[in-house]
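Sequence lines set the chain letters: A, B, ... in the order given, protein chains first and strands last, and positions in each chain run from 1.
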2 protein chains.
Amino acid sequence: MQKVVTLKDVASVAGVSLATASRVINGHAGVSAQNRAKVEEAIRKLNYSPNAIARSLATGRTGTISLIIVQEDPIVPTTWSHELPIIQAIHDTVKTQNWELQITMCSYREFRQPSFLPHHLSRGTVDGVLILSAWLVERHVVAELKAKGLPFVIIGAHDPDYEAFCVEFDNTEAVRSLVKHLRSEGHETFALIGGAPDQLHMEARVQGFVSALQDCGLPIWNQLIEYGDWNVESGYALMQKLIQRKPRPTAVICGNDYLAVGAMQAIAESGLRIPEDIAVVGFDDTVVGRVTLPKLTTVRPPLTQLGRLGAERLVQELVGSAADGDRRVVLPCEVVIRASSKVQTNQTNQKEAYRP
Amino acid sequence: MQKVVTLKDVASVAGVSLATASRVINGHAGVSAQNRAKVEEAIRKLNYSPNAIARSLATGRTGTISLIIVQEDPIVPTTWSHELPIIQAIHDTVKTQNWELQITMCSYREFRQPSFLPHHLSRGTVDGVLILSAWLVERHVVAELKAKGLPFVIIGAHDPDYEAFCVEFDNTEAVRSLVKHLRSEGHETFALIGGAPDQLHMEARVQGFVSALQDCGLPIWNQLIEYGDWNVESGYALMQKLIQRKPRPTAVICGNDYLAVGAMQAIAESGLRIPEDIAVVGFDDTVVGRVTLPKLTTVRPPLTQLGRLGAERLVQELVGSAADGDRRVVLPCEVVIRASSKVQTNQTNQKEAYRP
DNA sequence: AGTATTATTGAAAGCGCTTACAGCATGAGT
DNA sequence: ACTCATGCTGTAAGCGCTTTCAATAATACT
C-alpha cells in the first residue's frame with residue numbers, strides 16, 4: 001500500500017500552485033512553457049496519475065458509459081453468438097474514444113422492473129447508457145432515463161414510440177429476401193420457426209414472412225409459423241411437427257442457426273433430403289452453419305456495424321456533437337446462400353465447406 | 001436535466017444534520033429511532049439516491065471490480081464459447097455481493113505492454129482486479145499490480161512464480177484421461193492438435209499428452225503434435241496432414257471442438273470412418289460437438305465454477321476475509337464420452353443426439 | 001444530590017480535483 | 001506618463017459525502 005501521489009505533491013515538487021498543475025494535466029492554455037515543463041517533469045518523477053474519482057466529483061463527468069446487456073430469462077449462454085460481435089464493437093468504439101465501459105447483464109424480466117434502472121444508474125457513475133436488447137424497451141424505462149437526463153441509445157431493439165435513438169437490423173427485409181430466394185427455387189409452401197415471439201426479432205420476421213408471401217400471391221392459410229426456444233432441441237422438435245403437416249412445407253426459415261441444425265437433424269432422420277425435399281435456412285451466420293451437411297443458408301446481420309454505430313452515436317451525444325438526424329437506424333442484412341436451400345449446380349458450395 | 005437531490009437536501013427536509021442523515025444512509029448505529037424515521041421519510045419523499053462518486057472520494061473505496069479479458073491477437077469472436085460462461089459466473093458472483101463490474105478487453109499483446117496496466121488502473125476507480133487470460137501473466141504485470149496495492153486474482157492462467165492467487169482447470173489431467181479412455185478403446189498411435197503453444201492450455205495439454213503416453217509405455221517417436229489456429233479450418237488442414245503420416249494416428253485429440261469438427265470433415269472426406277478408423281475428441285463441450293455425426297467426445301471444463309471461485313476469492317480479499325489457503329486452485333474437468341471415440345454398443349449415443 | 005457513563009447529535013475537516021476570480025506583471029496604445 | 005488589454009499565476013470555494021471530535025442530553029450509579 002504505497003503512498004498515493006496527489007496533484008498537491010506534483011505542484012509542490014514543481015514549485016507551482018495546484019491550479020497551475022491542474023491546468024497542465026488537462027492541457028489548458030495559459031501556462032508558461034517554463035512552468036509546463038516543470039510540472040511535466042514532476043509528474044514523471046513522481047509517477048503521478050490523476051485520481052479519476054476526484055476529477056469526476058469536481059467536473060460532474062465520469063467518462064464512463066454503461067452497457068446494459070438484456071438477456072433471456074433464464075440466461076442461456078448459447079445464444080450469445082449474436083451479442084458478442086456487437087459487444088466487441090461497442091467496446092472497441094468506446095475505448096477508442098477514451099471512455100470507460102461498465103458492463104452489466106440482466107434478464108429482460110429484471111430490466112423491465114420499475115426499480116431496476118434507478119438502482120443501477122442513480123449512482124452518478126456513468127455519463128450515458130447503451131442498452132443492448134432484443135426486447136421492446138418499455139415506456140417507463142425510457143421515461144426514467146430521460147428524467148435522469150442520461151443520454152442513451154438502444155441497440156438491437158427500440159421503444160414503442162420510437163422516442164429514443166435506436167439502431168437495429170432489418171429482420172423484416174431479411175426474411176423477405178429469404179422468401180424471395182426460396183420462391184425462386186420453386187417453393188410454394190413455407191414455414192417459419194423461432195423462439196418466443198416476445199423478441200422483436202421474431203415479431204419483425206413474422207411480419208416479413210407474411211408480407212412476402214402475400215407479395216408472391218401465395219395463399220396464407222397453409223403457411224406455418226411455430227414458436228419454441230432458440231436452440232437445437234427446439235428446432236428438432238418443431239421440425240418433427242412440421243413434417244407431419246399437410247401440405248408439408250418444402251422450405252423452412254429458422255430463427256437462428258441452432259434451430260436450423262435441429263431442423264436438419266429431424267429432416268435427415270425422417271429420410272427426406274435437404275434441399276431437394278425440404279430447404280432449410282437459418283439466421284445469424286454462426287459457425288455451426290458452416291459445419292452442417294449440407295452447409296446452411298443463413299442471414300448475416302451487420303452486428304459489428306450495429307455496435308459501432310450505436311456506440312458512436314452515444315459518444316457524439318455525450319460530447320455534444322450529435323447531429324440529430326434519424327432517430328432510428330435500420331441496417332440491412334446480408335443473405336448467405338449455401339447448399340441447404342439451393343440444389344447444387346456445381347462444386348462451389350462443396351469447396352466452400354473447408355475454406356469458408 | 002433535473003435538479004439533483006443531495007444528502008444536504010435530505011438532511012434539511014428531515015430537520016437533522018448532514019452527519020445524522022449520512023449515518024442513516026449507511027445504517028450506522030447511534031441514531032434515535034425518531035430521527036431515523038424522519039430521514040427515511042425525507043429520502044422517500046425526495047427520491048434521493050446517494051452519489052457514488054462522492055462517497056468513493058470520501059471513503060477511498062469504489063465498490064467496483066475491474067475484469068480484464070485478455071484475448072487473442074487479433075481478436076476472434078469465435079473462440080468466445082470458452083470465456084462466456086466464465087464471464088457470466090464472474091458477473092453474477094460480483095453482482096450478488098453488491099459490487100460493480102467494469103469490463104475491459106484487450107489482446108494479450110496489449111496486456112503485456114508495461115504501460116498498459118498503469119494506464120488502465122491508476123485512476124483509482126477500482127478496488128480490485130480480475131484477470132481472465134489463457135496466457136502467462138508476466139512478472140512485471142504482477143509487480144505493477146502489487147505496487148499499486150490492488151488485490152487481484154488470475155482466472156484461467158497463472159504467473160511464472162505462482163505468487164498471485166489463481167484458479168485454473170486441469171488441462172494436463174484432462175488430456176491424460178482422454179488418452180486413458182482412447183487407450184482403453186485400443187488405440188496406440190495418437191496425435192494432438194491445437195492452436196499456438198503460447199497459450200497455457202496448450203502447454204499443459206502437451207505435458208499431459210506426453211506423460212500419459214509414457215505411462216502407457218507407448219513409444220513417443222510416432223506420437224504427433226501439430227500446432228495451428230483454434231478454428232475449423234485449422235482442424236481440417238492439420239488433419240489432412242496427419243492422414244498422410246505413417247504410421248497414421250488412430251486417435252486425435254483436438255484443442256477445441258472447432259478443430260475437432262474440421263478434423264472430422266477431413267477424415268470423412270478421405271473416406272475413413274469415425275471412430276472405427278480414427279477416433280476424434282475435442283475440448284470445451286460447445287454446441288458444435290453435439291451437432292456433428294457422430295457426436296463428439298469432448299472435455300467439459302468447469303467454467304462456471306472457475307469464474308465463481310475467482311470472483312469469490314477476490315471479493316473475500318477486498319472485504320478482508322480472505323483465508324489465505326492455497327494460492328493456486330486447479331479444478332478437474334469432466335470428460336464427456338460420445339460416439340466419436342467409442343464404437344457404439346447400443347443406442348444411447350444415438351438418442352442423446354436429440355435431447356442432450 | 002453529585003458524579004460517571006452512555007447515547008445522540010452537529011460542526012467541521014477533509015477526500016483530490018477543477019475552476020471561477022482576483023492579483024500582478026508586462027507590453028501596447030494614446 | 002497613464003490607461004488598457006493581455007498573459008500568467010495563485011487563492012479559495014466548491015463537488016457530495018464520510019467521519020472525527022467535542023458538545024449536549026439522558027440515564028445510571030454511589
Side-chain angles (χ1 to χ4, degrees), chain A residues 1-40 42-43 46-64 121-127 148-149, chain B residues 1-40 42-43 46-64 121-127 148-149:
Chain A
M1 217 54 83
Q2 70 190 18
K3 169 88 182 67
V4 30
V5 183
T6 72
L7 227 209
K8 206 159 111 183
D9 302 325
V10 171
S12 80
V13 165
V16 300
S17 74
L18 258 173
T20 302
S22 173
R23 286 187 190 106
V24 173
I25 299 276
N26 294 294
H28 289 177
V31 178
S32 68
Q34 192 188 15
N35 276 346
R36 184 175 297 274
K38 282 200 287 185
V39 172
E40 276 162 358
I43 290 173
L46 297 174
N47 192 25
Y48 166 79
S49 74
N51 180 317
I53 296 288
R55 175 178 292 177
S56 293
L57 185 57
T59 59
R61 275 167 285 109
T62 63
T64 111
L121 295 173
S122 291
R123 321 177 65 228
T125 50
V126 301
D127 293 346
K148 273 194 210 325
Chain B
M1 215 56 82
Q2 71 192 18
K3 168 90 181 66
V4 32
V5 182
T6 73
L7 229 208
K8 205 158 110 184
D9 302 325
V10 171
S12 80
V13 165
V16 299
S17 74
L18 259 173
T20 301
S22 173
R23 287 188 189 102
V24 172
I25 299 276
N26 294 293
H28 290 177
V31 178
S32 67
Q34 192 189 14
N35 274 346
R36 185 175 298 275
K38 282 199 287 186
V39 172
E40 277 161 357
I43 289 173
L46 297 174
N47 190 24
Y48 167 79
S49 75
N51 179 318
I53 296 289
R55 175 178 290 176
S56 293
L57 184 57
T59 60
R61 277 167 284 107
T62 62
T64 110
L121 295 173
S122 291
R123 321 179 64 230
T125 50
V126 302
D127 293 345
K148 270 192 213 328

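- A 4.5 Å side-chain heavy-atom check between N51(A) and T6(A) finds every atom pair outside the cut-off.
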Item to check | side chain to side chain contact (heavy atoms under 4.5 Å, CB included) assessment of T64(A) paired with T125(A) | outcome: CA-CA 7 Å; T64(A) 111; T125(A) 50; 5.7 Å; no
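- Closest heavy-atom contact between A54(A) and L57(B): CB-CD1, 3.8 Å.
- Chain B approaches DNA chain C within less than 4.0 angstrom (heavy atoms of the protein), and the contacting nucleotides run 5' to 3' from dT8(C) to dG16(C).
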N/O contacts under 3.5 Å, protein versus nucleotides 9-14 of chain D?
residue: dT9(D); atom: OP1; partner: S32(A); partner atom: OG; Å: 2.7
residue: dT9(D); atom: OP1; partner: N35(A); partner atom: ND2; Å: 2.2
residue: dT9(D); atom: OP2; partner: S32(A); partner atom: N; Å: 2.8
residue: dT9(D); atom: OP2; partner: S32(A); partner atom: OG; Å: 3.4
residue: dT9(D); atom: OP2; partner: N35(A); partner atom: ND2; Å: 3.4
residue: dT9(D); atom: O5'; partner: N35(A); partner atom: ND2; Å: 3.3
residue: dG10(D); atom: OP2; partner: S17(A); partner atom: N; Å: 2.9
residue: dG10(D); atom: OP2; partner: S17(A); partner atom: OG; Å: 3.2
residue: dG10(D); atom: OP2; partner: T20(A); partner atom: OG1; Å: 2.9
residue: dG10(D); atom: O6; partner: R23(A); partner atom: NH2; Å: 2.4

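- Distance OG/S56(A) to CG/D127(A): 7.5 Å, rounded to 0.5 Å.
- By the 4.5 Å heavy-atom criterion applied to side chains, T20(A) and V31(A) are counted as neighbours.
- The shortest side-chain heavy-atom distance between I53(B) and T62(A) falls under the 4.5 Å cut-off.
- Residues G27(B) and R36(B) approach most closely at CA-NH1, 4.5 Å, considering heavy atoms.
- Put simply, CZ on R61(B) is 12 Å from C1' on dC17(D), counting in whole angstrom units.
- The shortest side-chain heavy-atom distance between V39(B) and I43(B) falls under the 4.5 Å cut-off.
- Taking five base pairs at each end of the helix from dA1(C)-dT30(D) to dT30(C)-dA1(D), the local helix axes there meet at an angle of 50°, rounded to 10°.
- Using a 4.5 Å heavy-atom threshold, the side chains of L7(B) and P50(B) count as separate.
- Using a 4.0 Å heavy-atom distance criterion, S22(A) is classed as a base contact.
- Distance OG/S49(B) to NZ/K148(A): 6.0 Å, rounded to 0.5 Å.
- Separating the CD1 atom of I53(A) from the P atom of dC17(D) is a distance of 14 Å, rounded to the nearest angstrom.
- One atom, CG of N26(B), and another, C1' of dT19(D), lie 10 Å apart when rounded to the nearest Å.
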